[in-house]
Number of protein chains: 2
Amino acid sequence: MAYTIKDVAKKAGVSIATVSRVLNNQPGFSEKTKQKVQQVIEELGYEPNAVARGLINNKTHTIGVLFPELSSMLVTDFLNGIETMAHELGSSVIVCHTEADGEKTMKYLQLLNEKRIDGIIFVSAILKEEYYNYIRKMGIPMVLLSTESYAYPVPYVKVNDQHAAYSATKYLLNKGHKKIGMISGNKDDLIAGKPRIMGFKMALKDSGIAFTDNIIYSKGFSFQDGLDGMEKLMKQSSEISAIFAASDEIAFGALSFAYQHGIKIPDDVSIIGYDNLSIAEMAIPPLTTVGQPLIKMGKTAASMLFEMLESGNVFVENRILPHEILERETVREKR
Amino acid sequence: MAYTIKDVAKKAGVSIATVSRVLNNQPGFSEKTKQKVQQVIEELGYEPNAVARGLINNKTHTIGVLFPELSSMLVTDFLNGIETMAHELGSSVIVCHTEADGEKTMKYLQLLNEKRIDGIIFVSAILKEEYYNYIRKMGIPMVLLSTESYAYPVPYVKVNDQHAAYSATKYLLNKGHKKIGMISGNKDDLIAGKPRIMGFKMALKDSGIAFTDNIIYSKGFSFQDGLDGMEKLMKQSSEISAIFAASDEIAFGALSFAYQHGIKIPDDVSIIGYDNLSIAEMAIPPLTTVGQPLIKMGKTAASMLFEMLESGNVFVENRILPHEILERETVREKR
DNA sequence: TCATCCAACGTAAACGTTTACGTAAAAGAG
DNA sequence: CTCTTTTACGTAAACGTTTACGTTGGATGA
């Protein structure tokens, strides 16, 4: 059994209150007793029980992070950022992966509630009414990462998807491309799907390019979607010279399809992705992409949460982090 | 404030002991009171406080996972497996990334100790004496994932690296290759480095092929190591027709270098990787590799931990999971 | 010198559970 | 019908902390 504060108190010849006081550096003890107590703590290797502390302080120094899936490559960087910041601020993080399943999500929320975590970061999924209501009842702060809620006042950290998509498309236009296609994600996805499509369309329109239906609508943002999307796009509008892929994984799929069918990238077709996953620069050829600052986003989400925790405010400013175009080798100037 | 067991007891007109009994399904209450209590619980939306439970039961239903880094792509799948199994068995997982830093690791261990977690999974790093001693003192079970300890009796789950490397090399040999090179990881890494080198050498030897120094020793297992390794290897022994890369990331680096320098894969040189990361099949061309069952390994590590927790044993059988060769398109028969 | 104040503690209640123990009533045995 | 056993509870202690409150003893002030 681990030593308790009582053991320390007895051995140091003081009361547990005094031990607690030096532990928490609260006034009410002399230098001499401080020395003595700390010496005993050292000797015994005593370490306070965070569970007991949590019970009385109503604070567990633990936050929960809800991911729809752990297989996506985005989460690694998000988690990295979150964990780094949380640990810096003295908290631990519990990961949950909900598989985008409503029932599972509720189970996780219940679990996290029972564990009395201090706050929640909700990642890359839509915040359903059921979730929101439950978390409200829990009475703890929450922030959304890489998603936002139109229905509920929950602070979020994101990049501006529409703007980023606009930039990506504009980048292709500036390179002289006129016939540009897009392999989009799910157009019914109001967070990551539609805005990127909107940005794409808007850039074309602003450049005075007549919009010819060059958008392939996929189910998701996966490699397979890219593979399928590229096939459809090539069949449907073979004259295009550049493609905006709504995610890096889609871009990889497109790249793969191109490779399999002798389409040279970027000689025949240019491709720009979206996300800047760590593997983007490992692609062949290295993928030009509009990057989200993934780790930074994770860190930001965590600090927002702690800001709310400290201030006691239920809300905090949203953060729109800047995107950035990483020029690599999948886009070529069109003469 | 959330409701407590007292609120339930009062409203149901029973004592807190009775509420606790129906909560834990322990004998000592009638069907009628059970109904009543459950109804009140439902009405109030009461959920037990796991912190208080943890204090008295000395069990937090939380395990800790220590990763050296969260950026490697291996961890996603490991974490996925661990989290899935842990949640299935009613526990949460706290992630820690130590950045392979001794001091940080000790800090994390201390934190986990204070939080009174039930067990630890230690991933992909060497178990230093300091760590081991500390965890022993914590008095909780631990299992090693994708690593093992020669010095201490800690159960582990791994694939047989040497055997897997042997298989990979043999696979190349069976395809008719005679001049085979290897881009290895760190040869001083006794867990993931040396065994793979040994397996490689042994396969060559068993096939009666004179060993010519065709091994490039890298610092790690990264993309950059693959890029550099491939360059060195091509310079040093340009006549080789096949390469065994000690990790998929190294293989990606090699692929990239080959692409940049007009070396055709697999026409000029065949490459086999190691790990079977999810992105292996997204590579161009899709990467032939010897696969570790990453998710399965994570799940296995978790179940071993829970087996130890339930049985109270400090040890449990090690698990060597089978590897498997995934034939894709980076290896070609040599005529 | 004596009242006052403050630093330096100790005591005990509280946090929300679980559980050993006690007790009254119901059920069963003879 | 009485005695014993069982069922269905309630009471209170315990888990390891924090903290409000009370109690010292010495320093300070007049």
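Throughout, a chain's letter reflects where its sequence line sits, starting with A, and its residues are numbered from 1. Bear in mind the structure is a predicted one, so any value in this text is a computation, not a measurement. Hydrogens, waters and symmetry mates are skipped; everything else that's a heavy atom, side chains included, is used.
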Roughly how many Å is it from CD1 in Ile5(A) to P in dT19(D), rounded to a whole number? 11 Å
Report the distance from atom CD of Glu31(A) to atom C1' of dA7(C), rounded to the nearest whole Å. 14 Å
Ranking Ile16(A) and Phe29(A) by the position along DNA chain C of their nearest nucleotide, the one closer to 5' is Phe29(A)
Would you tell me if any nitrogen or oxygen in the side chain of Gln26(B) comes within less than 4.0 Å of OP1 or OP2 on dT18(C)? no
Reckon Tyr46(A) has a side-chain N or O less than 4.0 Å from the OP1 or OP2 of dT17(D)? yes
For Val14(B), answer base if it contacts any base atom (sugar-phosphate contacts may also be present), sugar-phosphate if it contacts only those atoms, and nothing otherwise; contact means non-hydrogen atoms under 4.0 Å. sugar-phosphate
Identify which nucleotide among dC9(D), dC15(C), dT17(C) has an atom closest to any side-chain atom of Leu55(A), counting heavy atoms from C-beta outward. dC15(C)
Is Asn57(A) close enough to dT17(D) that one of its side-chain N or O atoms is under 4.0 Å from OP1 or OP2 there? no
Should Asn49(A) be listed as having a side-chain N or O under 4.0 Å from OP1 or OP2 of dC15(D)? no
Could you check Pro27(B) against Arg116(B) and say which one's nearest nucleotide on DNA chain D is further toward the 5' end? Pro27(B)
Look at Thr33(A) and dC9(C) and indicate whether a side-chain polar atom (N or O) is within less than 4.0 Å of OP1 or OP2. yes
Base, backbone or nothing for each nucleotide of nucleotides 20-26 of chain D, written B, S, -, heavy atoms under 4.0 angstrom, 5' to 3'? -------
Just the rounded figure in Å: distance from C1' of dA8(C) to CD of Gln35(A). 16 Å
Thr18(A) near the nucleic acid: base, sugar-phosphate alone, or nothing, with a heavy-atom cut-off under 4.0 Å? sugar-phosphate
Holding to side-chain contact (heavy atoms from CB on, under 4.5 Å), I want the full list of residues that pass it with Ile191(A), two or more places apart in sequence or in another chain. Ile126(A), Thr147(A), Glu148(A), Tyr150(A), Lys158(A), Asp189(A)
Starting from the C-alpha separation in whole Å, work towards a yes-or-no answer on salt bridge (charged side-chain N to carboxylate O under 4.0 Å, His left out) for Lys104(A) and Glu88(B). CA-CA 11 Å; Lys104(A) 272 208 169 197; Glu88(B) 222 164 85; over 6 Å; no
Any salt bridge between Lys11(B) and Glu43(B), counting N to O under 4.0 Å? yes
May I ask you to decide if His61(B)'s main-chain N or O and Lys115(A)'s side chain share a donor-acceptor pair within less than 3.5 Å? yes
Between dT17(D) atom C1' and Glu47(A) atom CD, what is the distance in whole Å? 15 Å
Minimum heavy-atom distance between Met138(B) and Leu112(B), given as atom pair plus value: CE-C, 4.1 Å
To the nearest angstrom, how far is Asn58(A) atom CG from dT17(C) atom C1'? 14 Å
Using ring centroids (six-membered ring only for Trp), state whether Tyr132(B) and Tyr152(B) fall under 6.0 Å. yes
Are His87(B) and Tyr108(A) near enough that their ring centres are under 6.0 Å apart? yes
Arg53(B) CZ - dA14(D) C1' separation (whole Å): 17 Å
Taking only side-chain nitrogens and oxygens of Ser20(B), does any of them come within less than 4.0 Å of OP1 or OP2 of dT18(C)? yes
Closest approach to the side chain of Ser30(B), judged atom by atom: which nucleotide of dT11(C), dA14(D), dC9(D) is it? dC9(D)
Have a look at Thr4(B) and say if it touches a base, only the backbone sugar-phosphate, or nothing, with a 4.0 Å heavy-atom cut-off. sugar-phosphate
Spacing of Asp7(A) atom CG relative to dT17(D) atom P, expressed in whole Å: 9 Å
Within the pair Ser15(B) and dC9(D), is there a side-chain N or O less than 4.0 Å away from OP1 or OP2? no
Do the charged groups of Lys107(A) and Glu130(A) touch, with an N to O distance under 4.0 Å? no
Can you measure Ile56(A) atom CD1 to dA12(C) atom P for me and round it to whole angstrom units? 16 Å
